[in-house]
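Worksheet: one structure, shown below.
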Amino acid sequence: MAGNLVFYAGTKAMSAISRHGLRPEMVKAVLGVAGGPKWLVLHGLDRAIFSSWFNGRTEPLFLFGSSIGSWRFAAVSQNDPSGALGRFLSAYIGQHYSLSPTREEITLECAKIIESLLGNSGTEEILNHPFLRLVVSTAHCKWPVASDNRVLLSLGLMDTAIYNAVHRAGLRFFFDRVLFFDTRNSPPLLGPYDVETKQVPLSAGNLKDVLLASASVPLLMRGVNNIADAPGGMYRDGGIIDYHFDLPIMRDDDDQEGVILFPHYTVRIIPGWFDKNLPWRKPRASNMDRLLLVSPSSQFLERLRYGRIPGREDFSFFSGRDDERVKYWKEVIEAGASLGEEFLDAVDSGAVRELVKPFSSLMQ
């Protein structure tokens, strides 16, 4: 059924796509955002894009992942992306918790998912992939959010929310952004940044800890301490800073046809985790110039059970009823397969030229 996907683009991306359509070689970076189980609706898109559309590519392609987005991209960056996505999906939907899970229980279960995702050789395959270059966002903590003491951490997060509401740059009093990157190619980034940003090499010795840290939700999970080869201290969920990303990627690149592909579960772009309830907080316009957002349509969402995609609230809603949760999640995954098919049809046929709309139309 047509109309399952919508396409929105920034000024430069819109211009390039209007002239040339969308070809794999035009994509210079892909964004993978935070959002917990929301990623399940994108599974079909991930399979189509990384197991099919990018086949034969040789030019480096940067995958910027935050939280669950970094797990998705760790899967697709392996030699058999379809197989790795399958392992990841199976482990993810198979999560099981007690009725009142502790932070330790949730952290251990997430570590198990990462082990399943990587399999026996995933780490080596990611670090040696022919063209994919993984970049993982984490939040490096300052006092008091560096503490796992629940009272101190809660107070620190409350202060962070207040400072962030005044200005996004207020995050810098509590967190630094640390991007762990594939050293074969430096990420195409050029400031300014609202939050101090550091880049640290990914390695076989730190990849698992980096992936766990990038999805370590404060209060829900334990943070990850002292990651190898990185500045000492506590690391937490990259989504705190880069919930949906607001980074200067390719801002001054000479390639005017370059596009940043953004498979997303919503048409709203929320810069950081603390911005979810701040409707006025928008990403910088200059950071969206090359962005092509691809998202499920409202018509697609309306046909889903409950009229929505999965979310972290499902763990409490289906507490003690894992079979029902898994059934619902599988329904969404099955429906989402059509998103991948529709994407391939739109780009292969050239119909994307007519389907793509400017971001400004979202404001109408």
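If you're wondering where the values come from, they're calculated on a predicted model, not measured in any experiment. What you see below is based on every heavy atom in this structure, not just the backbone, and it leaves out hydrogens, waters and symmetry mates.
A salt bridge links Glu331 with Arg305; the closest basic N to acidic carboxylate O contact falls under 4.0 Å. Here Glu302 does not pair with Arg308 in a salt bridge; the nearest charged N to carboxylate O distance is not below 4.0 Å. The pair Arg268-Asp275 does not count as a salt bridge, with every side-chain nitrogen at least 4.0 angstrom from each carboxylate oxygen. Ion pair Glu104/Arg222 flagged as a salt bridge, since at least one NZ, NE, NH1 or NH2 atom sits closer than 4.0 Å to an Asp/Glu carboxylate oxygen. Ion pairing between a basic and an acidic side chain is recognised when a charged N comes within 4.0 Å of a carboxylate O; Asp194 and Arg172 show no such pairing.
Side chain of Arg236 to backbone of Val145: a donor-acceptor contact under 3.5 angstrom is found. Between the side chain of Ser52 and the main chain of Ile49, no donor-acceptor pair closer than 3.5 Å is present. Checked by atom type and distance alone, the side chain of Ser361 pairs as donor or acceptor with a backbone atom of Pro358 at under 3.5 Å. Listed for the Glu342 side chain is a donor-acceptor partner under 3.5 Å among the backbone atoms of Leu5. A distance-only check finds no donor-acceptor pair linking the side chain of Ser147 to the backbone of Leu152 [under 3.5 Å]. Between the Ser349 side chain and the Asp345 main chain, a donor and an acceptor come within less than 3.5 Å of each other. Judged by distance alone, the side chain of Asn287 and the main-chain N or O of Arg284 form no donor-acceptor pair under 3.5 Å. In this structure, the side chain of Arg57 engages the main chain of Glu59 through a donor-acceptor pair within 3.5 Å. A donor-acceptor contact shorter than 3.5 Å is absent between the side chain of Glu324 and the backbone of Arg321.
Nearest heavy atom pair, residue Ile126 against residue Ala74, reads CD1-O, 3.3 Å. The heavy-atom pair separating Ala111 from Leu212 by the smallest distance is N-CD1, 4.2 Å. Counting all heavy atoms, side chain and backbone alike, Ala75 lies closest to Ala84 at O-CB, 3.2 Å. Scanning all heavy atoms of the two residues, the minimum distance from Tyr265 to Pro296 falls at CA-CD, 3.9 Å. Scanning both residues, Pro37 and Tyr92, for their nearest heavy atoms gives N-OH, 3.2 Å. Smallest separation of non-hydrogen atoms from Ala165 and Arg281: O-NH2, 3.5 Å.
Aromatic ring orientation, His244 versus His264: perpendicular (interplanar angle above 60°, classes split at 30° and 60°). Note: Phe174 and Tyr163 have perpendicular aromatic rings, judged against thresholds of 30 and 60 degrees for the angle between ring planes. Using bins of under 30°, 30° to 60° and over 60° for the plane-to-plane angle, the ring pair His129/Phe131 lands in the perpendicular bin.
Annotation: the span from Arg150 atom CZ to Arg103 atom CZ amounts to 4.5 Å, rounded to 0.5 Å. Of the inter-residue distances, the one linking Phe180 atom CZ with Asp209 atom CG reads 9.0 Å to the nearest 0.5 angstrom. Here Arg353 contributes atom CZ and Ser18 contributes atom OG; the two are 8.5 Å apart, rounded to the nearest 0.5 Å. For the atom pair Phe175 CZ and Thr138 OG1, the distance stands at 11.0 Å (nearest 0.5 Å). For the atom pair Asn128 CG and Asn79 CG, the distance stands at 9.0 Å (nearest 0.5 Å). From Leu134, atom CG reaches atom OG of Ser70 across 7.0 Å, with rounding to the nearest 0.5 Å.
Using a 3.5 Å distance cut-off with no hydrogens or angles, the side chains of Gln78 and Arg87 do pair a donor with an acceptor. Between the side chains of Glu125 and Ser121, at least one donor-acceptor pair of N or O atoms lies under 3.5 Å. Using a 3.5 Å distance cut-off with no hydrogens or angles, the side chains of Ser216 and Asp237 do not pair a donor with an acceptor.
Atom NZ of Lys208 has 12 or fewer heavy atoms from other residues, nucleotides or ligands within 6.0 Å. The number of heavy atoms from other shown groups lying within 6.0 Å of CG (Asn55) is above 12. Residue-environment remark: NZ (Lys142) exceeds the threshold of 12 foreign heavy atoms within 6.0 Å. Heavy atoms of other residues, nucleotides or ligands lying less than 6.0 angstrom from NZ of Lys327 number 12 at most.
No option in Ser67, Ser137, Ser66 other than Ser137 meets the side chain to side chain donor-acceptor pair (under 3.5 Å) test with Asp242. Between Leu292 and the options Val27, Val259, Val30, Ile260, a side chain to side chain contact (heavy atoms under 4.5 Å, CB included) holds for only Val259.
Take Tyr306 and apply the ring pair (Phe, Tyr, Trp, His ring centres under 6.0 Å) test, not counting sequence neighbours, and it matches Phe317, Tyr328.
Linking ILVMFWY residues whenever their side-chain heavy atoms come closer than 4.5 Å, directly or via other members, places Tyr243 and Leu362 in the same cluster. Ile114 and Leu108 are not part of a single hydrophobic cluster, where members link through side-chain heavy atoms under 4.5 Å apart.
For residues 64-74, the pairs satisfying salt bridge (Lys or Arg N to Asp or Glu O under 4.0 Å) are Asp46-Arg72, with sequence neighbours left out.
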Working for salt bridge (charged side-chain N to carboxylate O under 4.0 Å, His left out), residues Asp314 and Arg325:
CA-CA 7 Å; Asp314 291 343; Arg325 172 181 58 79; over 6 Å; no
Going through the checks in order, is the salt bridge (charged side-chain N to carboxylate O under 4.0 Å, His left out) test met by Asp348 and Arg23?
CA-CA 8 Å; Asp348 291 344; Arg23 304 188 303 271; over 6 Å; no
May I have the step-by-step check of ring pair (Phe, Tyr, Trp, His ring centres under 6.0 Å) for Phe88 and Trp39, ending in yes or no?
CA-CA 12 Å; Phe88 174 33; Trp39 81 275; 4.4 Å; yes
For Trp273 and Phe245, run ring pair (Phe, Tyr, Trp, His ring centres under 6.0 Å): C-alpha distance rounded to whole Å, both residues' side-chain angles, the deciding distance at 0.1 Å, then the answer.
CA-CA 10 Å; Trp273 188 77; Phe245 282 103; over 10 Å; no
